[in-house]
Amino acid sequence: MDHDRMSTDDTDADSNDETATPVDEPDDEHHDFWAEGVADEIEQRDPNDPIVIKGGVSPSGVAHLGNVNEIMRGYFVAEALRDRDHEVRQVFTSDDRDPLRKLPRKLADPDGQIVGLGEVDAGALGRNLGKPYTDIPDPFGERDSYAAHFAALLEADADRLGVDIEMYSNTELYGEGAFDPVVERVLDRVDTAREVLSEYQAKADDDYVPFNPICEECGKLTETVTDIDLDAETVDYVCTDMEVGDETIEGCGHEGTATFREGKLPWRFEWPGQWQVLDVDFEPFGKDHAEGSWPSGVDIAENVLGIEPPVPMVYEWFTLNGEALSSSAGNIVTVPELLELLEPEIIRYFFALHPKKARDLDLSRLDQLVDDFDRFEEAYYEGVDDESVTAFAEAAYPYVVGNVTDERPIRLPYTFAAVLGMVDDRDLREKLARDEGHIPDDADEATVEAALARVEQARTWAERMDNAYNYRLQAELPDVAFDDATSDALDSLADVVAAGHDGETIQSEIYDTARDHGIEPGDLFEAGYRLFFDETQGPRLGEFLGDLEQEFVVGRLRRER
RNA sequence: GGGCUGGUAGCUCAGUUAGGGAGAGCGUCUGGCUUUUAACCAGACGGUCGGGGGUUCAACUCCCUCCCAGCCCGCCA
């Protein structure tokens with residue numbers, strides 16, 4: 001669960017909380033993929049099919065890569081169980097009866113792009129503080145509510161990553177009475193509930209009632225319940241002020257009556273309630289819950305609700321570019337943004353790595369992650385000289401890619417793809433890739449297309465990062481000036497190219513020509529890079545020029561076009 | 001202050017659950033591809049496994065302690 005944590009987020013950890021994990025059961029089987037170990041743990045509970053795996057978020061602001069932990073970590077466990085012939089449902093709760101407690105600093109528009117509050121009617125949001133997300137209009141005016149907007153973003157992300165999740169709206173679950181038995185039990189045993197809760201939080205005195213009705217007058221969630229009627233399944237309440245951090249959300253003073261379907265349980269009860277209602281067998285959650293709501297949830301599940309809590313798994317948070325994820329600070333990346341830079345299977349790979357390690361996703365070195373994935377893939381198909389990588393790949397690769405093809409897919413090395421991105425011509429890209437041996441002669445068109453798709457991604461990366469690969473073949477002659485010796489050398493080189501030499505010859509001619517004209521080869525190379533890239537460095541020049549249109553190269557070397 | 005989880009090469013990470021060889025990729029350096037110029041190939045350099053102590057024939061691995069980082073220890077979620 002990644003509730004309401006826009007500023008931080010994720011990564012992993014497996015869990016073994018002694019409160020819920022049978023420590024006396026022998027975990028004698030070693031697995032090369034963590035999800036298999038979790039699957040063991042779940043099977044030891046002897047659960048009924050379908051096995052239910054849950055994730056969930058509070059629809060606070062932006063759906064970002066941190067939330068993907070909730071989706072992907074459960075996904076791998078689900079797949080491991082399906083592989084063992086279990087029927088598995090992966091459910092996801094949008095905890096959308098939660099109240100909007102403060103204005104988010106950033107939102108994601110319907111396309112998943114991050115925008116500031118200035119893009120929307122922030123005033124309308126401000127007037128709705130304290131109301132459930134499902135009762136607040138979609139700031140973008142498309143969906144039924146703020147909550148629906150957020151849920152749609154998350155569902156779209158899951159879809160982009162190829163994960164099939166069943167979304168559940170908490171508000172709908174309350175509305176249709178799914179929580180009724182939970183609310184009734186908690187209120188019936190309100191003394192026990194207070195006693196259990198008091199172990200974990202101070203605010204559990206004799207007046208405390210773990211149910212927050214929605215005020216029928218102002219629509220805000222309230223916390224002052226004055227009477228409980230178990231037979232009628234209602235509570236009486238007074239709409240009092242609510243303290244939220246340093247701020248106060250004012251109540252309207254209304255006194256009314258609400259049914260069990262017109263309010264919500266506080267989080268510490270709601271979470272175990274979800275386990276009961278959805279019959280949850282496994283749930284991953286971020287480290288923030290490990291010492292907070294998880295222990296209390298277990299206690300409440302066992303001693304108030306009388307159910308067995310799911311198998312837990314704590315995941316560590318990952319950092320982005322070395323810093324904690326923070327939407328307000330702008331240190332955030334969304335799934336659609338990342339998919340402009342790499343393939344979805346690489347995102348899945350990232351989340352297949354051990355959840356217990358805090359990782360850094362460094363966009364400036366995405367090539368490392370892609371290289372790691374490529375090696376992981378190679379390990380699956382052919383094995384690599386690192387046993388642990390090969391073992392991990394054999395266990396995890398099928399889940400990471402979803403559909404394993406007979407043949408290993410062609411992957412252009414990411415930085416090489418970035419080099420190809422320096423030219424726009426698609427056929428030239430293909431030629432360069434073939435010349436370098438990255439595309440086999442017998443590759444069909446679809447295979448070539450698939451391989452070249454990475455060029456656009458690597459190109460986008462080079463541009464975004466403005467790194468050492470962000471060169472562009474200059475269509476127009478750059479503003480250049482050379483001394484006489486260099487100019488003469490360039491003319492000579494132009495003659496060589498005009499005579500029709502291939503790349504290798506051009507490469508060696510650059511050296512010879514430079515010497516013939518009494519200049520350093522380095523100077524001539526630099527002149528070439530100036531002419532073609534308007535830079536002082538670039539890719540291996542001779543071979544590069546050899547692949548370009550001869551007439552263009554000659555003209556450019558003569559500084560004519 | 002207490003608790004939880006991490007800390008392995010410059011970078012990204014395996015390896016730790018069952019104690020016995022410290023590893024990979026990338027980067028760097030060197031060399032090769034007739035010829036320093038980012039794509040290819042080979043080799044090398046590179047680590048007190050966060051520090052210290054203990055147990056053991058043997059510790060990255062187990063125990064104690066300290067340091068660093070994140071999280072939890074109000075409310076909410």
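Just so we're on the same page: letters track the sequence lines, and every chain starts at 1. Values below: all heavy atoms of this structure, side chains included; hydrogens, waters and symmetry mates excluded.
- Nearest to the side-chain atoms of A:Q368 among the listed nucleotides B:rA14, B:rU12, B:rC72 stands B:rU12.
- Comparing the same atom, P, in B:rC13 and in B:rG53 gives a spacing of 30 Å after rounding to whole Å.
- We find that CG of A:L369 is positioned 12 Å from C1' of B:rC26, with the value rounded to whole Å.
- At the heavy-atom level, A:P521 lies under 4.0 Å from base atoms of the strands shown.
- If you take CZ of A:R97 and C1' of B:rA77, they are 16 Å apart, rounded to a whole angstrom.
- For B:rA77, there is no paired nucleotide, since no Watson-Crick or G-U wobble pair has both relevant distances below 3.5 Å.
- Rounded to a whole angstrom, the distance from the P atom of B:rC62 to that of B:rC4 is 15 Å.
- Distances were taken from every side-chain heavy atom of A:K357 (C-beta onward) to each of B:rU16, B:rC71, B:rC4; the shortest belongs to B:rU16.
- Interface remark: the A:Y471 side chain does form a donor-acceptor pair with the B:rA38 base, using a distance-only criterion of under 3.5 Å.
- For the pair A:R472 and A:D534, the salt-bridge criterion is not met [side-chain N within less than 4.0 Å of a carboxylate O].
- Comparing B:rA59 with B:rU8, their C1' atoms sit 14 Å apart, to the nearest whole Å.
- Under the Watson-Crick or G-U wobble criterion, with both distances below 3.5 Å, B:rC62 is paired with B:rG54.
- The partner of B:rG21, taking Watson-Crick or G-U wobble pairs whose two distances both stay under 3.5 Å, does not exist in any strand shown.
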- For A:L420 and A:R459, what are the C-alpha separation, side-chain angles and deciding distance, and is it a side chain to side chain contact (heavy atoms under 4.5 Å, CB included)? CA-CA 8 Å; A:L420 297 190; A:R459 175 67 207 161; over 6 Å; no
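- Here the nucleotide nearest the side chain of A:R365, chosen from B:rC75, B:rC72, B:rC11, is B:rC11.
- Across B:rG21 and B:rA58, the matching C1' atoms stand 13 Å from one another, rounded to whole Å.
- For A:D427, the CG atom counts as densely surrounded, since its 6.0 Å shell holds more than 12 non-hydrogen atoms of other residues, nucleotides or ligands.
- Among residues two or more places apart in sequence or in another chain, the salt bridge (Lys or Arg N to Asp or Glu O under 4.0 Å) test is passed with A:R454 by A:E343, A:D374.
- The distance from atom CG of A:D512 to atom C1' of B:rU34 is 10 Å, rounded to the nearest whole Å.
- Within the structure, a side-chain polar atom (N or O) of A:R359 is placed less than 4.0 Å from OP1 or OP2 of B:rA14.
- The residue A:D360 sits close only to the backbone: its heavy atoms come under 4.0 Å of sugar-phosphate atoms, none of a base.
- A:Y529 has a side-chain polar atom (N or O) that falls below the 4.0 Å cut-off from OP1 or OP2 of B:rA38.
- The shortest side-chain heavy-atom distance between A:F373 and A:F350 does not fall under the 4.5 Å cut-off.
- Only the P atoms considered, B:rU16 is 24 Å distant from B:rG52, to the nearest whole Å.
- Annotation: B:rU5 and B:rU48 have their P atoms spaced 27 Å apart (nearest Å).
- For the pair A:D371 CG and B:rC11 C1', the computed distance is 12 Å after rounding to whole Å.
- For A:L432 and A:E520, each mapped to the nucleotide of RNA chain B holding its nearest heavy atom, the one lying further toward the 5' end belongs to A:E520.
- Taking the side chain as every heavy atom from C-beta outward, A:F33 and A:Y399 approach each other to under 4.5 Å.
- Nearest nucleotide to the A:R101 side chain, out of B:rU12, B:rU35, B:rC76: B:rC76.
- Looking at the side chain of A:D372, the nearest of the listed nucleotides B:rA14, B:rU12, B:rC72 is B:rU12.
- When rounded to the nearest whole Å, the span between CG of A:D367 and P of B:rA39 equals 12 Å.
- Residues A:P132 and A:Y174 have side chains not in contact (no heavy-atom distance under 4.5 Å, counting atoms from C-beta outward).
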- Message: Does A:T390 form a side chain to side chain contact (heavy atoms under 4.5 Å, CB included) with A:E394? I'd like the steps, not just the answer.
- Response: CA-CA 6 Å; A:T390 301; A:E394 283 172 357; 3.7 Å; yes
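- Regarding A:L197, its CG atom lies at a distance of 13 Å from the P atom of B:rC73, rounded to whole Å.
- Out of B:rA24, B:rC71, B:rC26, the shortest distance to the side chain of A:K287 is found at B:rC71.
- When each of A:R515 and A:E223 is assigned the nucleotide of RNA chain B bearing its nearest heavy atom, the one mapping closer to the 5' terminus is A:R515.
- A:F533 has its CZ atom 14 Å from the P atom of B:rA39, to the nearest Å.
- Each of B:rU12, B:rC76, B:rA39 was ranked by its minimum atom distance to the side chain of A:F544; first place goes to B:rA39.
- Nucleotide B:rC13 holds its P atom 15 Å from the CG atom of A:D386, rounded to whole Å.
- Comparing the C1' positions of B:rC45 and B:rA39 gives a spacing of 24 Å, expressed to the nearest Å.
- Crowding of A:Q474 atom CD: a count of heavy atoms from other residues, nucleotides or ligands under 6.0 Å exceeding 12.
- A distance of about 9 Å separates the P atoms of B:rC49 and B:rU61, rounded to the whole Å.
- Set against B:rC75, B:rU35, B:rA24, the side chain of A:Q201 has B:rC75 as its closest nucleotide.
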- Item | Worked check of side-chain hydrogen bond (donor to acceptor under 3.5 Å, both in side chains) between A:D98 and A:S58 | CA-CA 7 Å; A:D98 298 354; A:S58 191; 2.9 Å; yes
Shorter than 3.5 Å, N or O on both sides, protein versus nucleotides 40-44 of chain B: list them out with atom names.
| from | atom 1 | to | atom 2 | distance (Å) |
| --- | --- | --- | --- | --- |
| B:rC40 | O4' | A:E436 | OE2 | 3.1 |

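- Within 4.0 Å (heavy atoms only), A:S293 reaches at least one base atom of the nucleic acid.
- Judged by Watson-Crick or G-U wobble contacts below 3.5 Å, the nucleotide B:rG6 has B:rC68 as its partner.
- Remark: B:rA44 base-pairs with B:rU28. Criterion, Watson-Crick or G-U wobble with two distances under 3.5 Å.
- Of the candidates B:rC76, B:rA77, B:rC72, B:rC72 carries the atom nearest the A:E291 side chain, counting heavy atoms from C-beta on.
- A:D372 has no carboxylate O lying under 4.0 Å from a charged side-chain N of A:R375, or vice versa, which leaves the two without a salt bridge.
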